[in-house]
Amino acid sequence: MSDRLFIFDTTLRDGEQVPGCQLNTVEKIQVARQLEQLGVDVIEAGFPISSPGDFNSVIEISKAVTWPTICALTRAVEKDIDCAAEALKYAKRGRIHTGIGTSDSHIQYKFHSNREEIIERAVRAVKYAKRYVEDVEFYAEDAGRTDNEYLARVVEAVIKAGATVVNIPDTTGYCLPEEYGAKIKYLMEHVDNIDKAIISTHCHNDLGLATANTFSGVMNGARQVEVTINGIGERAGNTSLEEIAMILKCHNNIGIDTNINTTKICPTSRMVSSLMNMPVQPNKAIVGRNAFAHSSGIHQDGMLKNVSTYEIIDPKDVGLDSGSIVLTARSGRAALKYRLGVLGVNIEDETKIDAIYKQFLKLADRKKEVNDDDILMLAGADAKEAHAVKLDFLQVTTGLGVKSVASIGLDISGQKFEEASTGNGPVDAAIKALKKIIQKQMTLKEFTIQAISKGSDDVGKVHMQVEYDGSVYYGFGANTDIVSASVEAYIDCINKFRVK
């Protein structure tokens, strides 16, 4: 059994399936390069057959990174595998990840098939993928609810067919840690050719057990873990990369190593959170805002006497720079560029730096200090310059005992429009005025406001979900004025359905 654990990151595939978290190809390349700096062994870049965007992303990510293996997901279908192979043609090291459901539930209701036919389809898919690449990973979907004896037969068959990695997913997040660990142990003891492949974990967090299940799998013989940054993923998410990496670093007596440069964890976390417009919960392990905060008097007293009384991780080990530069309106371009680099955003285009710096100065004039989340927000804001619909101006009158009134001006592909409306509060008035100009039947389905940090002058983030013509669109806005942020989020939704 090797003491090397391979880190398979699926942020750009499983993580990107979260509603509202879709990235464009340029953003995916930015994340992929950061994952390479982090030390990830395998990057699952997409599901090429699913869309032209995913196909192109796999191609461009293959070109952009140097040493990580680039993986493309497929079903156990020949045209999927053909498409994945075509997308991987520029990869220095390519892997096809193919598979099929193996639980009785999937076999009966999803495939209307039987166990023997599923094994045949699994073997055919692996052999077909092997025509294109040497490195073939097979996933037994819903392995968590597949009985161990049958699962062992599937695993043995696909390894014999040429699979180099076999993924044992707890697709629904149903397993308990002892059950999942016992499943991996059973395979290690009952599959004759198990030494010819690496067993991988892929755990979901529906019951909050993804990390515990993954670690149990590792302790019972799995030597690849499939994880995401910040634990993002479908439904309740996937196993967090940062949690597994730091468990092994803290418990180094276990003797299992990864290639992860842990000092890159927080910059990578912030980048993914910013680009996907998905805030990290404050109490999230390792990367949450409160992960290294101490407010209890007893805790603070212990920390002042010796930090090890309440901290098992040195913040610097995960990339938190306690002596970071404080950015204000007096900070220069060099300080801004340096801080962006620390946060994992490397921009060589001086024109783009100038544009971000101008927005930075405007924000710094409204705030005493500009924090890291503000900077990441500014770095991603330039994408709005290409939008067809832009906010020109917004004026709102509101107060207690008076009706809220909003006047708004929009620039739509160079044409100027103005409208005004009253409403039940300033946000309602502003959006009603906006809808008068757009003249589309849109329904606001979800509206979430979150402060980036603390203080009345801080930037607020607004996430919106708008339904139009039977489809749902996700928008994001950020501003020190929450009404403006709300309008920007709504306009973001409009630009997305205009593009579609």
Side-chain angles (χ1 to χ4, degrees), residues 1-15 35-36 38-45 68-71 73 95 97 99 135 137-141 143-144 155 163-173 175-185 187-188 194 197-234 236-252 254-262 264-265 268-269 272 285-287 318:
M1 187 185 298
S2 170
D3 60 359
R4 170 78 153 86
L5 182 67
F6 294 93
I7 304 296
F8 177 115
D9 184 274
T10 185
T11 301
L12 295 174
R13 202 278 301 171
D14 223 343
L35 292 173
E36 183 173 27
L38 181 62
V40 163
D41 298 290
V42 185
I43 299 173
E44 191 165 47
T69 297
I70 303 301
C71 180
L73 185 74
R95 175 185 294 181
H97 190 185
D135 192 1
E137 179 171 343
F138 176 83
Y139 63 85
E141 189 177 8
V155 171
T164 51
V165 181
V166 182
N167 177 12
I168 311 299
D170 182 22
T171 306
T172 59
C175 286
L176 297 174
E178 59 267 30
E179 292 173 334
Y180 188 76
K183 189 177 289 286
I184 301 297
K185 185 178 181 181
L187 296 176
M188 299 301 293
I194 198 73
I198 293 170
I199 296 298
S200 178
T201 68
H202 182 113
C203 298
H204 282 263
N205 207 36
D206 299 70
L207 294 174
L209 294 170
T211 296
N213 285 341
T214 296
F215 187 68
S216 182
V218 171
M219 294 304 291
N220 282 280
R223 282 300 175 265
Q224 177 180 281
V225 291
E226 304 194 4
V227 291
T228 61
I229 300 299
N230 300 333
I232 61 173
E234 281 204 277
N238 292 46
T239 306
S240 295
L241 181 153
E242 59 274 10
E243 292 173 14
I244 291 297
M246 292 313 295
I247 287 170
L248 294 175
K249 186 177 180 71
C250 286
H251 293 273
N252 54 20
I254 292 171
I256 299 175
D257 298 321
T258 72
N259 193 50
I260 296 298
N261 177 356
T262 63
K264 300 289 185 181
I265 283 176
T268 308
S269 167
V272 170
I286 314 300
V287 293
V318 295

Can I get a per-line list of side-chain donor-acceptor pairs under 3.5 Å for residues 176-184, giving both atom names and the distance, sequence neighbours left out?
from: Glu179; atom 1: OE1; to: Leu176; atom 2: N; distance (Å): 3.0
from: Tyr180; atom 1: OH; to: Ile168; atom 2: O; distance (Å): 2.6
from: Lys183; atom 1: NZ; to: Ala143; atom 2: O; distance (Å): 3.2
from: Lys183; atom 1: NZ; to: Thr146; atom 2: O; distance (Å): 2.7
from: Lys183; atom 1: NZ; to: Asn148; atom 2: OD1; distance (Å): 2.7

With a 6.0 Å cut-off on the ring centroids, do Tyr139 and His202 count as close?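 Not close enough - the centres of the two rings lie 6.0 Å or further apart.
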For residues His251 and Phe215, establish whether the separation of their ring centroids is below 6.0 Å.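 When the ring centroids of His251 and Phe215 are compared, they turn out to be at least 6.0 Å apart.
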Under the 3.5 angstrom rule, does the side chain of [X] hit a backbone N or O of [Y] as a donor-acceptor pair?
X: Asn213; Y: Gly217; result: no
X: Thr11; Y: Ile229; result: yes
X: Asp170; Y: Cys175; result: yes
X: Glu242; Y: Asn230; result: yes
X: Thr268; Y: Lys264; result: yes
X: Thr214; Y: Ala210; result: yes
X: Arg223; Y: Val218; result: yes

If you compare all heavy atoms of [X] against all heavy atoms of [Y], which two are closest, and at what distance to 0.1 Å?
X: Ser269; Y: Val287; answer: OG-CB, 3.5 Å
X: Val166; Y: Ala163; answer: CG2-CB, 4.3 Å
X: Gly39; Y: Asn259; answer: O-ND2, 3.3 Å

Taking the side chain as C-beta and beyond, is there a heavy-atom pair between [X] and [Y] under 4.5 Å?
X: Glu243; Y: Val227; answer: no
X: Thr228; Y: Thr239; answer: no
X: Ile199; Y: Met188; answer: yes

To the nearest 0.5 Å, what is the distance between [atom1] on [X] and [atom2] on [Y]?
X: Ile198; Y: Phe8; atom1: CD1; atom2: CZ; value: 12.0 Å
X: Leu241; Y: Thr10; atom1: CG; atom2: OG1; value: 11.5 Å
X: Asp14; Y: Asp9; atom1: CG; atom2: CG; value: 10.0 Å
X: Lys249; Y: Ile265; atom1: NZ; atom2: CD1; value: 8.5 Å
X: Asn205; Y: Thr211; atom1: CG; atom2: OG1; value: 6.5 Å
X: Glu234; Y: Thr171; atom1: CD; atom2: OG1; value: 10.0 Å

Side chains of Ser200 and Glu226: do they bring a donor and an acceptor to under 3.5 Å?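 Glu226 and Ser200 do have a side-chain donor-acceptor pair below 3.5 Å.
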Pair His204, Asn238 - check side-chain contact (heavy atoms from CB on, under 4.5 Å), show working. CA-CA 4 Å; His204 282 263; Asn238 292 46; 3.3 Å; yes
As a quick check of understanding, evaluate side-chain contact (heavy atoms from CB on, under 4.5 Å) for Thr69 and Asp135, giving each step before the final call. CA-CA 9 Å; Thr69 297; Asp135 192 1; 4.0 Å; yes
Please determine which of Leu35, Thr258, Leu38 meets the side-chain contact (heavy atoms from CB on, under 4.5 Å) test together with Ile7.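 Only one of Leu35, Thr258, Leu38 forms a side-chain contact (heavy atoms from CB on, under 4.5 Å) with Ile7, namely Thr258.
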So Arg95 and Val42, side-chain contact (heavy atoms from CB on, under 4.5 Å) or not? Walk me through it. CA-CA 9 Å; Arg95 175 185 294 181; Val42 185; 4.0 Å; yes
Short N-O contact, Asp41 and Arg4, less than 4.0 angstrom: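 So Asp41 pairs with Arg4 through a salt bridge.
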Audit row: His97, Asn167, side-chain contact (heavy atoms from CB on, under 4.5 Å) steps and yes/no: CA-CA 9 Å; His97 190 185; Asn167 177 12; 3.5 Å; yes
